[in-house]
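Contents: one structure, followed by commentary.
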Amino acid sequence: SEGMNHHGGLSTASTVLSFDLWSGETVPPIMEVPEETHGTLYLFSILRDGLSYLAACPAEVSPLLVIEFLHRIADIFVDYFGSPADESAIKENFSTVYQLLEEMVDYGWPLTTEPNALKAMIRPPTLVGKIQSVVTGGSNAIVSDALPSGTVSNMPWRAAGVSYSNNEIYIDIVEEIDALVDTTGNVISSDVSGSIQAQSHLSGVPDLLLTFQDPSVIDDCSFHPCVRYGRFEADSVVSFVPPDGNFELMRYRVRNAAAQMVHPPISCNPTWNFTASENDSTMNGRVSIFLSVRSVSSLILSASRRGPLVVEDVAVTIPFPKLVRTTNLEVNMGNVIYDEATKVARWTIGKLDATKRPQLTGTMVLEGNKKPQENQNLTLNWKIPLASVSGLSVSGLSLTGERYSVYKGVRNITRSGRFQVRCN
C-alpha cells in the first residue's frame, strides 16, 4: 500500500519520518504517532555512537523485541566496521549495511542476527575490497550464494568445522555503575548492571561449564541463546556451547544490597559562577572542575592486582548553557575540546591515580544579561581493570566434548555507565 515498502516498513515518502528525532531534546524510546494512511504507528528508537536507530511498526508488538533487535543491529555494525560505528562508518560501508539489513530483516521480522551466520553470507569489509570498489566502481560487499552451515542445525550460532592450532577462551566480567552524584560527592541514586563478555577460539564443538564463587549476587539475568537456561535455574551454573569469536554470554543486575552501597572511586567537584558586566549588557561566567581519586571506595579488587589504584580512560563531558557565546577553557592535564555547535566540551584525561589532581578552569560570555536557570549535569567516564562492585568471580571453567588443552583467561572490569555529577 501507499507509504509502505517491500519490507513491510515505512517508505521514505511517509510524512511520519519528518518527526524531529534529532532536535537535541530527550526522545522517549517508544512513541505512539497518529498517521493518516495507516492509523496509529509505533516508533521505537535507540541512540548508539551518535546515531539514532528507528523502527516503525504499524501494529502493536512487544517493545522489548524491537528495542533488542535495534541493539543487535548496532552490535553487528560494530562487529563489522569497528567501534565506534558512527555516521562516517555507515557512509563508507553503505552497501554492506544494506546487505546486512536484507539478511537480518524478512518482511519486517527479525531473521538472521547471529554474527557467525551473517559473516558466512556477507564478508566483513577489507582494505583490498575497498580499493577494488574504488577502482571498479562496484560494491565492496561480498555476498555468498551458499547458506551458512549453522542455518540448518540446532546451533545456528556456531559454524561447523571450526579449527584452531591454539585453543583459547577469554572471559571478561564487566560491571557498569549508573549513578547520580551531588556537588559534595554523595551518591543520590545508583544501580549496577553487569555483563559477561567472551572471546572464544575453540576447535570443534566444545561444551563449556562456567561456575561462580557467589552466584547469589546475580539478579534479573538474560542469556545468549547458546546457554542452557534450565541448568542455570537448577544449579546456578552456565552451561553452553560457545559461538566462535566475540560474543556476550549473559547480562545481569547486581542485587540491591551491593548496588546501593556504591562509593565511587573518583571524585568530581564542579563550580559555576555567573556575574553581570558593569553595564549589565552581558553576563559573564566562570567554571572550575576538580578531579581526584578517592582513598576509600566500595570496589572489590582482584587478588592478582598489584600496586596503587589507577583509574583509566577518564573523561568528562561538560554541557554548557545554550546562551553561551564564547568560552576560554584551560586544563593542567589532558586536553579539552569545545564544540561551538552543541555547546559541549569534552575533557579527556586518560589515566589517573591518587598523586594527580586534574583541574579545568575557564571563562565564558553569555548572550544577553540573563543568568541560566540551571546547570546541566556533567557526565563522567572511567574504567578500572581487575575490580568489581559485586565481587562476582569465576571459580571454574571446564570443557567437555573435545580432547585438547585450553588456555583460559578471566578478569573483572568496572566502568562508568550513566555516571552523572550535579552542578551547583
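Bear in mind that the values here come from a model prediction, so they are computed numbers and not experimental data.
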Centroid-to-centroid, F320 to W272, below 6.0 Å?
-> yes

Between [X] (side chain only) and [Y] (backbone N and O only), is there a donor and an acceptor less than 3.5 Å apart?
X	Y	answer
Q213	L392	no
R251	E248	no
K408	L397	yes
R72	E114	no
K371	M283	no
N186	D182	no
D49	A85	yes
N116	W157	yes

Specify the closest pair of heavy atoms between P242 and P206, including all atoms of both residues, with the distance to one decimal.
-> CD-O, 3.4 Å

Nearest non-hydrogen partners of D178 and G417, listed with the distance | OD1-CA, 3.3 Å

Geometric class of the F419/W382 ring pair [parallel <30°, tilted 30-60°, perpendicular >60°] | perpendicular

Derivation of the side chain to side chain contact (heavy atoms under 4.5 Å, CB included) call for I177 and D191 = CA-CA 6 Å; I177 301 177; D191 186 67; over 6 Å; no

Any residue meeting ring-ring contact (aromatic ring centres under 6.0 Å, His included) with Y42, in chain and number order, not counting sequence neighbours | none

Would you mind checking if K119 and D244 are paired as a salt bridge, meaning a charged N to carboxylate O distance below 4.0 Å?
-> no

Going by an N to O cut-off under 4.0 Å, is there a salt bridge joining D313 and K383?
-> yes

